Amino acid sequence: MVEIVQNLGYRAFGLNLFSQIPLPEVPRLGISKDMSDVEIEYGDLSELWEKQVLLPKQKYVVEDHMVMFEVPGIAIFKIQEGKKITVSPISNSDEDHIRLYILGTCMGIILLQKKVLPLHGSAIDINGKAYAFIGDSGAGKSTLAAAFLKEGFQLLSDDVIPVSLSKDNRPFITPSYPQQKLWQESLQVFGIEKKDYQPLFERETKFSVPVTSSFTNKPLPLSSVFELVKTEHGEVTLQKINQLERFRTLFCHTYRNFLVPRLGLMEWHFMESVNILNKIHMYQLHRPNTGFTVNNLVSQILEYINEEDSLF
C-alpha cells in the first residue's frame, strides 16, 4: 500500500529530486522544493488518462512536453517538461513496484525531456573512466557489471545510463543511484543469498541488490561502449563497430527509444550521437548463448582497456 509522507530530498542521475514518495534506494539530500530539479508527487490522474487515451490498449500518450503511461494494476504516471513526475496509484498497488517505474521509465523520460541521452545498460568506473555495457534484455549487462564490482571496480549506473556532453563536446556519464538488478542465476554464481534481497515483482526471479560500498558518485568521461550480443558459437569475441552501424547501435539501445520521434527529438538524438561517437570507441562483445562466461568477458575487456591505455 502507498503511504504519503513528508517530502524528502534525494540525489540521482545528476538531479536533485524532491519527492512525496520515499525512495530508500537513492541517497538522501537535504534540499528544499525550490532547490529541486524534479518534483515527484501523488495525484489523481484517472480522469485525465481517460480523456487522453483514444485508442484501445494505448500505453503511452505524448503531447507537447508531457508523457503519460499506465502500468495496469500499479499506477498511472505523468512526466512533465523534465521537471515533474505525478503518480496516480491504482487501488492496493505496491509502493515498491511504483518506485521501480519512477526510477526506471519515468526518470528515463525525464532525461530525454532534459536532452540527456539515456542508454539502456550498465556503466562501470575503470581507472577513472566510464565504460558502458549495452544490449537487449537478458544479454547480461548487469551481470557483467556485477562481475566488475567483484573485482573491486565501482558502479556508475545500472539500467538507465545518463550520457551528457561537456562544454567542449566530450561525453561523460553521470552516476544514477547505488543499486543493481540481478537475476537469481547471477546471485547464485556470485554466492549472494537471494533471501537477503527483495524480488522486483512477486514470483519474480530478478532482485534489487544495493551496492552502496561499490558505487561512485562522480561523473566520469565515457571512454568506450560495449554491445553485448548472445551467439550460438562457444567463444567470447570482441570486434569493433564501424561507421553507420554505430548510430544504429546507439539508437537501438537508447532507453525507451520509441519515444524519441514522438517527442520530436530525432534531430537532437542524431547530433548528440555524432558528438558522442566522435569521442569514443564502440565494440560488439559476443558471448555464448549457454554457460557462464562472465569472467572471460571481464578478462577480454580489461585486456582491451590495458592495450588502449598503453597507446596514450
Side-chain angles (χ1 to χ4, degrees), residues 1-3 5 8 10-15 17 19-29 38 40 71 73-75 77 85 87 89-90 92-111 118-125 132-150 153-162 173-217 228 255-256 294:
M1 293 289 292
V2 297
E3 179 183 356
V5 299
L8 298 172
Y10 301 92
R11 180 75 175 173
F13 303 96
L15 300 169
L17 313 179
S19 180
Q20 195 177 64
I21 303 168
L23 304 172
E25 304 90 343
V26 180
R28 289 276 298 276
L29 186 69
V38 180
I40 305 170
V71 182
I74 295 179
F77 300 87
I85 298 170
V87 181
I90 293 169
N92 297 320
S93 59
D94 190 288
E95 198 171 75
D96 292 339
H97 296 165
I98 289 174
R99 289 202 313 277
L100 186 66
Y101 288 96
I102 290 174
L103 294 173
T105 300
C106 291
M107 287 308 303
I109 294 169
I110 286 282
L111 293 173
L119 291 179
H120 186 199
S122 297
I124 295 293
D125 170 6
F133 310 129
I134 60 177
D136 294 336
S137 180
K141 305 177 292 292
S142 295
T143 301
L144 179 56
F148 273 98
L149 266 58
K150 283 288 184 181
F153 298 98
Q154 291 188 305
L155 182 75
L156 275 160
S157 188
D158 185 67
D159 193 31
V160 183
I161 307 173
I173 289 178
T174 302
S176 57
Y177 62 99
Q179 179 177 282
Q180 279 198 295
K181 301 179 181 72
L182 293 175
W183 293 104
Q184 181 177 325
E185 293 83 354
S186 298
L187 296 182
Q188 291 169 346
V189 170
F190 293 128
I192 301 172
E193 291 286 343
K194 71 174 184 178
K195 64 180 176 59
D196 296 332
Y197 303 103
Q198 185 169 338
L200 298 181
F201 285 98
E202 248 182 89
R203 296 180 297 279
E204 175 67 88
T205 59
K206 200 170 192 180
F207 294 79
S208 298
V209 180
V211 292
T212 306
S213 61
S214 299
F215 182 75
T216 183
N217 58 9
L228 292 180
Y255 195 83
R256 303 296 183 259
V294 68

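Everything quoted here is computed from the prediction, not taken from an experiment.
Between the side chain of S93 and the backbone N or O of I90 there is at least one donor-acceptor pair closer than 3.5 Å. Formation of a donor-acceptor pair under 3.5 Å by the K141 side chain with backbone atoms of G135 is found in this model. Side-chain N or O atoms of S19 include none that pairs as donor or acceptor with a backbone N or O of P22 at under 3.5 Å. Of the possible polar contacts, none joining the E25 side chain to the P178 backbone as a donor-acceptor pair under 3.5 Å is found.
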Intermediate values then yes/no, side-chain contact (heavy atoms from CB on, under 4.5 Å), I74 and D94: CA-CA 7 Å; I74 295 179; D94 190 288; over 6 Å; no
From CA spacing to verdict: side-chain contact (heavy atoms from CB on, under 4.5 Å), R28, Y10: CA-CA 4 Å; R28 289 276 298 276; Y10 301 92; 3.4 Å; yes
Verdict with reasoning, M107 to I85, per side-chain contact (heavy atoms from CB on, under 4.5 Å): CA-CA 9 Å; M107 287 308 303; I85 298 170; 4.0 Å; yes
Stepwise side-chain contact (heavy atoms from CB on, under 4.5 Å) test for L23 and R99: CA-CA 7 Å; L23 304 172; R99 289 202 313 277; 3.9 Å; yes
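Between F153 and F148, the ring-plane angle classifies as perpendicular under the 30° and 60° cut-offs.
For R11, there are no salt bridge (charged side-chain N to carboxylate O under 4.0 Å, His left out) partners two or more places apart in sequence or in a different chain. Here D159 pairs with K181 under the salt bridge (charged side-chain N to carboxylate O under 4.0 Å, His left out) rule; sequence neighbours left out. N217 meets the side chain to side chain donor-acceptor pair (under 3.5 Å) test with no other residue; sequence neighbours excluded.
Side-chain contact between L182 and F207 is absent, with no heavy atoms from C-beta onward closer than 4.5 Å. Side-chain contact between V209 and L187 is present, with heavy atoms from C-beta onward closer than 4.5 Å. Looking only at side-chain heavy atoms (C-beta outward), V87 and F77 come within less than 4.5 Å of each other. Residues Y255 and P162 form no side-chain contact, since every pair of their non-hydrogen atoms from C-beta on lies 4.5 Å or further apart. Taking the side chain as every heavy atom from C-beta outward, I40 and Q20 never approach each other to under 4.5 Å. Counting only heavy atoms from C-beta outward, the side chains of L155 and S214 never approach each other to under 4.5 Å.
Closest non-hydrogen pair, V160 versus G108, comes out as CG1-CA, 4.4 Å. The heavy-atom pair separating V294 from A147 by the smallest distance is CG2-CB, 3.5 Å. Here the closest heavy-atom approach between residue D125 and residue L156 is recorded as N-CD1, 4.2 Å. Closest of all the heavy-atom pairs between L103 and F13 is O-CZ, 3.6 Å. Of all the heavy atoms in P118 and L111, the pair that sits closest is CB-CD1, 4.0 Å.
Atom CD1 of I124 sits about 9.0 Å away from atom CD of Q154, to the nearest 0.5 Å. Atom CD1 of residue I21 and atom CD1 of residue I102 lie 3.5 Å apart, to the nearest 0.5 angstrom. Interatomic distance, OG of S176 versus CG of L15, reported as 11.0 Å (0.5 Å rounding). T143 OG1 to F133 CZ: the interatomic distance, rounded to the nearest 0.5 Å, is 11.5 Å. Residue S213 holds its OG atom at 8.0 Å from CG of L149, rounded to the nearest 0.5 Å. Note that the CD atom of Q179 and the OG atom of S142 stand 10.5 Å from one another [nearest 0.5 Å].
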